[in-house]
Number of protein chains: 2
Amino acid sequence: MRYSHQRERIFRAVSERCDHPTANMVYEQLKVEMPRLSLGTVYRNLNQLADAGRLKKIPLADGSCRFDKTKESHSHIVCDECGAVSDVHLPSFESFEQAIESETGYELRTYDVVLRGVCKDCRACMDQQAG
Amino acid sequence: MRYSHQRERIFRAVSERCDHPTANMVYEQLKVEMPRLSLGTVYRNLNQLADAGRLKKIPLADGSCRFDKTKESHSHIVCDECGAVSDVHLPSFESFEQAIESETGYELRTYDVVLRGVCKDCRACMDQQAG
DNA sequence: ATAAATAACAGTAATAGTTACTATGTAGGA
DNA sequence: TCCTACATAGTAACTATTACTGTTATTTAT
């Protein structure tokens, strides 16, 4: 993978945020300073960076993808109301791996566990509306 | 929800198969006997049936959805090679629910856990190719 | 049984998120 | 410095799904 100015800016953008941005969020942020940046370039580079292990790709239930700086292994929880994505630590499936494999006949590769719920802010908002 | 011939056939189609079909798979199956059936009708009814709790919707990481007859709670494992979806029993997150909620500040609603791996058939196939 | 109201339909167009294509530009080695 | 392959910008295409529009069919009330 050859160096490119765009790729490094895209990598830095994701690394410096905590909100697990979408490709489009990265694009919107960077195009202010890089007006000629194209959305396709952002998608291509995010996927390349994920393939290279420098970022983690988080495919969500609604078909969109979020990107995360890679740190120690963790799962994510998505707010059904506002779409926010937060980190969450779950007990690993590693201890069940054997049982899962023998039950299903599958060789387990990954488990991107994505929980869903309502975040603190949206709960406050909903409570207020309910009176 | 008013009765419709189409809806009942769509419900039966999903109930009678074990492969967690997509909307399009249901459409392909039924249009042989119902040539005027439209794909939009299949989507609309699958979602209505899921909302009504008569079927379960399984959104996958690639953005597509599968539909499942509702039975006792279980999770799913998807084959990365052929896309097959199988049932798998996992220990429930219920025991961690409290910990998750206090860690994240979220109110947990659902956890559609989708594991990924390689099914028995595809493993055999890959082994053969490798020699 | 008949008519009115409305949910559901078929067919088509539109949408969102993403990937592919094409011609131009640039990194990095010879 | 020049060459080659990878990267880019800009655009078109693609997939899964939803929305729109005029017609059909189920239900409710007469």
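Keep in mind that what you see is a predicted model, and the values were worked out from it rather than measured. Lettering of chains follows the sequences in order, A, B, ..., and the numbering in each one begins at 1.
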May I have the distance from A/Leu60 (atom CG) to D/dT17 (atom C1'), rounded to whole angstrom? 17 Å

To the nearest Å, how far apart are B/Met34 CE and C/dA8 C1'? 12 Å

Quick one: on DNA chain D, does B/Asn47 or A/Thr41 contact a more 5' nucleotide (nearest heavy atom)? A/Thr41

Is it true that B/Glu8 and B/Arg54 have a side-chain N and a carboxylate O under 4.0 angstrom from each other? yes

Rounded interatomic separation in angstrom, taking CG from A/Leu39 and P from D/dA13: 17 Å

Where the side chain of B/Ser38 is concerned, which of C/dG17, D/dG10, C/dA10 is the nearest nucleotide? C/dA10

Cluster question for you: counting only ILVMFWY and a side-chain heavy-atom cut-off of under 4.5 Å, with indirect links fine, are B/Val114 and A/Val78 together? no

Treat primed atoms plus P, OP1 and OP2 as sugar-phosphate and everything else as base, then score nucleotides 20-30 of chain D 5' to 3': B for base contact with protein heavy atoms under 4.0 Å, S for sugar-phosphate contact only, - for none. -----BBS---

Please pick, from D/dT17, C/dT18, D/dA7, the nucleotide with the shortest atom-to-atom distance to any side-chain atom of A/Cys65. C/dT18

Expressed as a whole number of angstroms, how long is the span from A/Tyr27:OH to C/dT19:P? 16 Å

In this structure, how many angstroms lie between the C1' atom of D/dA9 and the NZ atom of A/Lys31, rounded? 14 Å

Examine B/Leu30 and B/Phe67 and state if one hydrophobic cluster contains both, with Ile, Leu, Val, Met, Phe, Trp and Tyr joined whenever side-chain heavy atoms are less than 4.5 Å apart. yes

Any side-chain N or O of B/Tyr43 below 4.0 angstrom from OP1/OP2 of D/dT18? no

Nearest-Å distance, CE (B/Met25) to C1' (D/dA16)? 15 Å

If you measure from CZ on B/Arg123 to CD on B/Glu81, what distance do you get to the nearest 0.5 Å? 11.5 Å

In whole angstroms, how far is the C1' atom of C/dT19 from the CG atom of A/Leu46? 14 Å

Between atom CG of A/Asp87 and atom NE2 of A/His20, what is the distance when rounded to the nearest 0.5 Å? 3.5 Å

Taking CZ from A/Arg66 and P from C/dA16, how many angstroms apart are they, rounded to a whole number? 16 Å

Just by distance, do the side chain of A/Gln6 and the backbone of A/Thr41 share a donor-acceptor pair under 3.5 Å? no

When clusters are formed by joining ILVMFWY residues with side-chain heavy atoms under 4.5 Å apart, either directly or through shared neighbours, do B/Tyr111 and A/Leu90 land in the same one? yes

For A/Asn24, answer base if it contacts any base atom (sugar-phosphate contacts may also be present), sugar-phosphate if it contacts only those atoms, and nothing otherwise; contact means non-hydrogen atoms under 4.0 Å. nothing

Give a yes/no answer on whether the side chain of A/Gln6 brings an N or O atom under 4.0 Å of OP1 or OP2 in D/dA9. yes

